[in-house]
Amino acid sequence: MESKYDRVAYPENVYLHSDADMEDFGTGVYPVSVISRKPFHDDSINFGCFKVRRKFSTLLIVFGVILLLLVITIGIGIHAAVAHKATQEEKHMCNSGTSPNAKDFGLLVEPMIKNSGSAICFDATKPDTYLQYLNRLDYFTHDYSAIPQTGEEYVDCTNATAPDGKKCRFDIHKFGSLCTHGKDYGYNQGRPCVLLKLMMPKGIVPEVFGKEDTVTKTKLQNGLWSGDHVAVTCDGATPDDKAKIGNTPYTGPNNLTEGPFYISPKEGFPVNFYKDGNTVVPAVMVGFNNLMITRNTYITIKCVAWAKNFNNGDPASSIAYTTTFNFHLS
């Protein structure tokens with residue numbers, strides 16, 4: 001006969017012994033095979049509306065930390081990739097064709113940076129963008145300073161040729177007071193300077209245009225022509241480029257008003273430096289006072305050295321006696 005005790009529900013925390021266990025708790029309620037209660041340990045926690053095991057929650061936390069670290073790592077990787085892409089795009093933007101100095105003689109221009117083609121990219125508000133140009137201009141103007149021209153072989157020539165075994169001294173002060181090391185060659189003011197050098201083939205001396213020549217009257221006005229200098233001019237390469245040069249007068253030192261271009265020496269390259277084997281190559285500084293440069297476009301500049309025997313009297317159509325370069329906002 002079934003008693004009421006046969007249907008007693010065991011608590012969850014009851015520990016069942018086998019019949020071999022010989023311990024009597026004397027309760028008189030449960031069979032001997034049912035032994036004492038043990039302290040109940042609930043290995044679970046409430047997670048929102050769910051009840052989950054603690055081991056599972058630990059794994060969940062670990063997984064969350066790993067996931068967070070993974071997300072951070074991916075974020076850093078994406079940021080680095082974007083920064084690298086931006087750098088590459090900037091490098092690509094600051095590269096326009098081939099270098100204008102890729103020729104053996106003719107009109108050369110500095111500063112030209114390796115892998116930038118004919119582009120000069122800078123931001124006047126960020127010195128780190130134009131420091132490389134300043135260093136390069138310092139390097140090339142050093143040859144015209146007093147220090148390397150103090151030897152006995154250097155003499156002052158004025159308009160004469162150098163005596164045998166001598167070289168005409170080219171004074172750095174001929175570059176004027178606007179395009180100097182102390183003034184960062186104008187780059188910190190957004191009016192950059194470039195250095196033009198005229199390299200001639202051995203034995204060839206430039207022949208200056210006459211005062212009444214058509215080229216002189218149409219291209220070399222405003223005091224650019226001189227009977228003993230090769231004149232140089234610079235302007236935008238296209239009508240669109242010319243529109244970006246600007247026409248606002250620039251007031252320089254001593255309240256001297258300059259136009260869009262600053263050229264010094266204004267007459268250009270002295271012819272006597274190319275006679276009798278003189279190895280000092282003269283140079284001209286050109287400053288651009290009102291460039292309207294932007295991040296999206298280049299301003300292309302074309303400079304020309306004018307002499308009768310350059311490209312049969314048409315130097316503007318030649319590669320050798322012109323130089324073309326670009327300004328771009330970095």
Side-chain angles (χ1 to χ4, degrees), residues 11-13 15 37-102 109-140 181-194 240-241 244 246 288 290-301 324-330:
E12 290 182 1
N13 60 340
Y15 175 74
R37 304 171 188 268
K38 283 193 173 182
F40 181 73
H41 177 69
D42 187 3
D43 190 29
S44 65
I45 60 174
N46 292 324
F47 187 77
C49 297
F50 303 96
K51 193 173 185 180
V52 297
R53 293 289 183 181
R54 292 182 183 273
K55 290 183 179 180
F56 178 77
S57 66
T58 301
L59 292 176
L60 187 64
I61 293 173
V62 172
F63 176 76
V65 171
I66 294 174
L67 182 62
L68 179 60
L69 293 175
L70 183 61
V71 169
I72 293 174
T73 302
I74 293 175
I76 294 174
I78 292 175
H79 176 75
V82 170
H84 177 72
K85 182 179 179 181
T87 301
Q88 293 302 111
E89 288 179 351
E90 179 61 31
K91 287 182 178 180
H92 175 71
M93 284 298 293
C94 192
N95 189 320
S96 178
T98 59
S99 171
N101 296 339
V109 61
E110 294 293 346
M112 286 291 113
I113 304 301
K114 185 178 180 181
N115 298 326
S116 290
S118 59
I120 298 176
C121 308
F122 75 102
D123 184 338
T125 65
K126 300 176 182 178
D128 60 309
T129 64
Y130 57 78
L131 180 60
Q132 58 185 342
Y133 301 118
L134 306 189
N135 290 338
R136 194 159 179 87
L137 286 171
D138 280 342
Y139 175 81
F140 282 97
H181 166 84
K183 294 183 178 178
D184 286 345
Y185 300 99
Y187 283 79
N188 62 338
Q189 300 176 9
R191 44 166 309 278
C193 298
V194 300
D240 183 56
D241 293 316
K244 296 173 183 174
F288 300 86
N290 295 293
L291 290 180
M292 293 180 285
I293 56 178
T294 67
R295 294 186 184 278
N296 300 319
T297 60
Y298 288 100
I299 298 179
T300 303
I301 305 296
T324 303
F325 52 95
N326 307 274
F327 286 110
H328 179 72
L329 182 61
S330 177

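Reckoned from all heavy atoms, side chains included, excluding hydrogens, waters and symmetry mates. Residues: numbered from 1 along the sequence shown.
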Exercise. With a 4.5 Å heavy-atom cut-off, do K244 and T294 have their side chains touching?
Worked result: no
For this session: Measure centre to centre between the rings of Y133 and F122, then say whether the value is under 6.0 Å.
Result: no
Problem set entry | Partner of I74 by side chain to side chain contact (heavy atoms under 4.5 Å, CB included), out of I72, I76, L70 | L70
For this session: Compare every heavy atom of T129 with every heavy atom of D123, then report the nearest pair and how far apart it is.
Result: N-OG1, 2.9 Å
For this session: For the pair H328 (side chain) and T297 (backbone), establish whether a donor and an acceptor sit closer than 3.5 Å, ignoring hydrogens and angles.
Result: yes
For this session: Compare every heavy atom of P111 with every heavy atom of R136, then report the nearest pair and how far apart it is.
Result: CB-CB, 3.9 Å
Exercise. Once you round to the nearest 0.5 Å, how far does CZ of F325 lie from CD1 of I301?
Worked result: 6.0 Å
Exercise. Considering the options L134, L131, L137, which one meets the side chain to side chain contact (heavy atoms under 4.5 Å, CB included) requirement together with D184?
Worked result: L134
Exercise. Nearest heavy-atom pair of E110 and N101: which atoms, and what distance?
Worked result: OE2-ND2, 3.3 Å
For this session: Any chance you could measure I299, atom CD1, to D240, atom CG, to the nearest 0.5 Å?
Result: 9.0 Å
For this session: May I ask you to decide if V194's main-chain N or O and Y185's side chain share a donor-acceptor pair within less than 3.5 Å?
Result: no
Exercise. Between A119 and C94, what is the shortest heavy-atom contact and its length?
Worked result: CB-C, 3.9 Å
Exercise. How about F140: does its CZ atom have over 12 heavy atoms from other parts shown lying under 6.0 Å from it?
Worked result: yes
Problem set entry | Side chains of T300 and T324 in contact at under 4.5 Å (non-hydrogen atoms) | yes
Exercise. Taking atom CD1 of I66 and atom OG1 of T73, what is their separation to the nearest 0.5 Å?
Worked result: 11.5 Å
Problem set entry | Short side-chain to backbone donor-acceptor contact, R295 and S330, under 3.5 Å | yes
Exercise. If you look at every heavy atom in A124 and Y130, which pair is closest and at what distance?
Worked result: O-CE2, 3.7 Å
